[in-house]
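Worksheet: one structure, shown below.
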Amino acid sequence: MSMISVLLSLLSLLIPQDSAEIVFAGDAMQHQRQIDAARRPDGSLDYSPYFTSLKPYISSADFAVVNLETPLGGAPYSGYPMFCAHDNYVDALTGAGFDLMLSANNHILDRRDRGVRRTIETFEKKGVPYIGVYRNRAHRDSVLPMIHNVNGFKVAFLNYTYGTNGISKRSDIEIDYIDCNLMASDIKAAREDGAEIIAVCIHWGDEYKLLPNRTQRNIAKFLADQGVELIIGSHPHVIQPMELVRNTSTGNPCLTVYSLGNFISAMRTTDTRGGAMVRVKLARDIFGRAYVCEATYRLVFTEPSNANGSNFRLLPAESQQLHRSMDAARKGFVRNAVGIFDRHNINVPRDTTGM
């Protein structure tokens with residue numbers, strides 16, 4: 001063995017080889033057309049076809065996170081403007097490989113306080129991790145900091161929303177709203193509790209706008225200044241740019257995703273028919289410190305029930321399985337999304353590898 005080979009072998013032993021991958025998805029909506037299409041003759045709701053095509057991508061990650069933008073308030077089930085999904089919807093999401101449900105969003109109070117409590121009860125009965133809503137302050141204090149061991153990396157997750165559509169809570173339930181003092185306190189507590197990576201999943205921005213507004217940029221800077229490594233946005237129902245840049249305050253890479261858009265929905269305008277998933281790779285430097293190594297995105301597209309004759313389903317945007325009647329809509333969505341990402345993304349390329 002040559003001296004160079006020996007040195008390389010020794011160096012490989014010194015440099016930590018640990019890595020982990022986390023997938024984040026956007027808004028899992030449940031409109032009335034989705035409910036109607038999922039209803040079976042016996043009255044049950046079946047979501048089994050929804051995520052079959054994306055399951056390999058989602059479940060191959062070490063951890064996967066999705067924004068469940070509806071309460072689980074029990075029957076009757078309803079879509080916009082006051083959402084309420086069947087419990088089976090959560091089963092479909094966890095069956096696809098999701099490990100954490102985000103619940104701090106503008107629709108979580110659509111079934112008022114009772115709906116929040118039942119959502120929590122359903123998550124816990126099914127053993128599904130969640131964040132963003134709590135029974136009361138004591139419950140919140142017992143849950144946070146929420147730190148998951150993701151293939152050897154201690155990753156903290158936090159979740160906040162800009163509001164709840166003007167509906168206010170009427171009991172002691174807790175919903176995490178965007179508040180700089182609260183977020184700074186939560187971030188500090190997570191770091192003190194051993195978090196190596198902090199992910200703030202945040203519901204913000206202007207609906208249907210393909211670029212972030214000033215408030216989003218200001219909050220993102222505030223979070224980065226607090227040392228957050230991952231800032232993952234939702235709410236606009238359309239995609240917005242992604243930036244993986246070195247944080248000038250900490251010197252560490254920070255990924256900001258302004259909006260992942262819709263994960264699955266029944267929306268029908270060009271830019272709302274799909275969204276993006278972002279895949280984040282964590283690694284360690286020569287000193288063993290965790291950092292965000294890289295990030296890529298993959299576009300997804302919703303095929304409605306009237307196209308395939310059965311149920312809604314989510315497909316990779318490049319899928320050849322898509323019904324031909326949806327091809328023009330798919331091309332329009334992809335053209336606009338890739339156009340935004342190509343012009344505005346920083347160090348976050350598109351993942352076009354086969355699944």
Side-chain angles (χ1 to χ4, degrees), residues 24-31 65-70 79-81 83 102 104-108 110 132 159-167 177-180 183 199-224 228 230-245 254-278 295 297-302 314 317 328-350:
F24 294 91
D27 302 333
M29 309 297 295
Q30 187 67 174
H31 290 95
V65 183
V66 64
N67 173 48
L68 179 63
E69 194 152 349
T70 172
Y80 182 82
F83 290 99
L102 307 176
N105 56 63
N106 59 306
H107 285 288
I108 190 58
D110 282 3
N159 182 209
Y160 308 94
T161 180
Y162 75 92
T164 45
N165 292 343
I167 304 172
Y177 293 95
I178 296 172
D179 176 279
C180 287
M183 294 189 297
V200 173
C201 303
I202 188 163
H203 212 66
W204 61 0
D206 297 324
E207 289 185 331
Y208 318 120
K209 300 295 185 182
L210 292 166
L211 294 175
N213 61 31
R214 181 178 297 178
T215 299
Q216 285 172 276
R217 291 194 177 278
N218 288 342
I219 294 173
K221 183 180 184 308
F222 171 81
L223 293 171
V228 170
L230 298 169
I231 304 166
I232 311 294
S234 60
H235 175 63
H237 300 301
V238 297
I239 61 91
Q240 292 180 346
M242 309 173 178
E243 304 169 354
L244 178 57
V245 298
C254 175
L255 172 68
T256 301
V257 176
Y258 285 103
S259 174
L260 287 169
N262 285 332
F263 184 52
I264 190 167
S265 79
M267 293 186 178
R268 288 181 269 197
T269 59
T270 298
D271 297 324
T272 61
R273 285 188 178 273
M277 292 188 290
V278 65
Y297 75 87
R298 181 177 287 276
L299 295 178
V300 296
F301 186 83
T302 299
L314 192 66
R330 184 259 300 273
K331 288 179 179 177
F333 163 72
V334 172
R335 180 183 61 249
N336 291 359
V338 171
I340 287 292
F341 288 150
D342 282 353
R343 287 194 298 273
H344 298 282
N345 275 20
I346 301 175
N347 299 323
V348 186
R350 184 180 181 184

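The structure presented is a predicted model; accordingly, all values stated were derived computationally and were not measured.
Minimum interatomic distance between D110 and P81 (heavy atoms only, all atoms of both residues): OD2-O, 3.5 Å. Closest heavy-atom contact between P212 and Y258: CB-CD2, 3.5 Å. Heavy-atom minimum distance, Q30 versus F83: O-CD2, 3.1 Å. Closest non-hydrogen pair, V300 versus F263, comes out as CG2-O, 4.0 Å. Of all heavy-atom pairs between L210 and D271, the closest is CD1-OD2, 3.7 Å. The nearest pair of heavy atoms linking R350 to V338 is NH1-CG2, 3.5 Å.
A donor-acceptor pair under 3.5 Å is absent between the side-chain atoms of N159 and the main chain of L102, judged by distance alone. Side-chain atoms of N213 come within 3.5 Å of backbone N or O of T215 as a donor-acceptor pair. Between the side chain of W204 and the backbone N or O of Y160, no donor-acceptor pair lies under 3.5 Å. No donor-acceptor pair under 3.5 Å is formed between the side chain of E207 and the backbone N or O of H237.
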### Message
Working note: E69 + N106, criterion side chain to side chain contact (heavy atoms under 4.5 Å, CB included); need CA distance, chi angles, decisive distance, verdict.
### Response
CA-CA 8 Å; E69 194 152 349; N106 59 306; 2.9 Å; yes
### Message
Quick one, Y297 with I239, criterion side chain to side chain contact (heavy atoms under 4.5 Å, CB included). Give me CA distance, side-chain angles, the key distance, then yes/no.
### Response
CA-CA 11 Å; Y297 75 87; I239 61 91; over 6 Å; no
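Residues I202 and H235 have side chains not in contact (no heavy-atom distance under 4.5 Å, counting atoms from C-beta outward). In this structure the side chain of V228 never reaches within 4.5 angstrom of the side chain of M183, judged on heavy atoms. Annotation: side chain of L260 is in contact with side chain of F24 (closest heavy-atom distance under 4.5 Å). For the pair M267 and R273, the minimum side-chain heavy-atom distance is 4.5 Å or more. In this structure, I108 and T161 have side chains that are not in contact, with every pair of non-hydrogen atoms separated by 4.5 Å or more. The closest side-chain heavy-atom distance from L299 to F341 is below 4.5 Å. No side-chain heavy atom of M29 sits under 4.5 Å from any side-chain heavy atom of T302. In this structure, the side chains of C201 and S234 stay at 4.5 Å or more apart for every pair of heavy atoms.
The distance from atom CG of N105 to atom OH of Y162, rounded to the nearest 0.5 Å, is 9.0 Å. Within the model, atoms OG of S259 and CD of Q216 stand 7.5 Å from one another, a figure rounded to the nearest 0.5 Å. Between atom CD of residue E243 and atom CG of residue N347 there is a gap of 9.5 Å, rounded to the nearest 0.5 Å. Atoms CZ and CG, from F333 and N262 in turn, are 9.0 Å apart once rounded to the nearest 0.5 Å. Here the straight-line distance linking atom CD of Q240 with atom CD1 of I340 works out to 9.0 Å at 0.5 Å rounding.
Among L230, I232, I231, the single residue meeting the side chain to side chain contact (heavy atoms under 4.5 Å, CB included) criterion with V257 is I232.
Aromatic ring pairs are classed by plane angle as parallel below 30°, tilted from 30° to 60° and perpendicular above 60°; the pair H107 and Y80 is perpendicular.
Crowding of R268 atom CZ: a count of heavy atoms from other residues, nucleotides or ligands under 6.0 Å not exceeding 12.
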